[in-house]
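Worksheet: the structure to be examined is printed underneath.
Note that ligands are numbered from 1 as they come in the structure, with each ligand's atoms numbered from 1 the same way. Remember, it's a predicted structure, so these values are computed and weren't measured experimentally.
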Amino acid sequence: MTVQPIRLFGDPVLRTPADPVVDFDAELRKLVADLTDTMREQSGAGLAAPQLGVGLRVFTFDVDDVLGHLVNPVLEFPDEEEQDGPEGCLSIPGLYFDTKRRQNVIAKGFSAFGDPVQIVGSGLMARCVQHETDHLDGVLFVDRLDPEGRKEAMKAIRQAEWYDQAAPPVVKLSPHLSNPFGLGR
Ligand SMILES: [Zn+2]
């Protein structure tokens with residue numbers, strides 16, 4: 001069990017739909033352990049495999065003292081009720097925006113041993129399950145904001161100190177200046 005680095009907004013893996021889990025093996029259980037340890041170390045409510053750079057449909061959650069995981073989740077909404085409130089993401093650290101979600105959800109999937117699991121959640125648990133399942137489809141919570149909110153969120157992301165740290169800007173030199181820094185003269 002190991003705490004792993006979390007991929008941040010801008011990493012293409014967060015925009016890539018994850019593949020369904022086929023093998024319910026020891027490797028999957030190690031992934032669940034890594035997700036759980038990393039989520040708890042960061043005091044997160046949930047963590048999805050793509051956030052550790054793994055393109056598999058798995059997430060963990062830790063909501064209202066209920067710790068668990070779900071593999072190959074499929075969501076159902078028993079009613080039309082909505083909730084609106086602050087949401088954040090360990091891949092967009094330090095930023096929270098009010099995000100509309102469904103209030104109630106039924107999530108069906110499997111444990112890491114391949115046993116069928118069903119989570120009936122409302123409020124925070126429902127929000128977490130929707131947020132983490134979005135990750136498995138390459139969707140981030142800022143995508144769920146209305147156009148104005150998204151604009152505000154993108155501005156805050158671009159101004160965040162962690163933004164673009166993983167990919168330092170490439171220094172482009174003009175092709176017309178073969179010796180732009182005047183070196184060797
Ligand atoms: Zn997230």
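Identified under the ring pair (Phe, Tyr, Trp, His ring centres under 6.0 Å) test for residues 39-96, with sequence neighbours left out: none.
Counting only distances under 2.8 Å, and ignoring water, the protein N, O or S atoms around the Zn ion (ligand 1) are Cys89 SG, His131 NE2, His135 NE2.
Remark: Asp79 pairs with Asn104 by the side-chain hydrogen bond (donor to acceptor under 3.5 Å, both in side chains) rule, at least two apart or across chains. Every residue was checked against the side-chain hydrogen bond (donor to acceptor under 3.5 Å, both in side chains) condition with Asp146, not counting sequence neighbours, and none meets it.
Here the side chains of Arg144 and Arg150 are not in contact, with every heavy-atom distance at 4.5 Å or above. Within the 4.5 Å cutoff, the side chain of Thr99 has heavy atoms near those of the Arg127 side chain.
Transitive grouping of hydrophobic side chains (ILVMFWY, heavy atoms separated by less than 4.5 Å) keeps Ile6 and Leu95 in distinct clusters.
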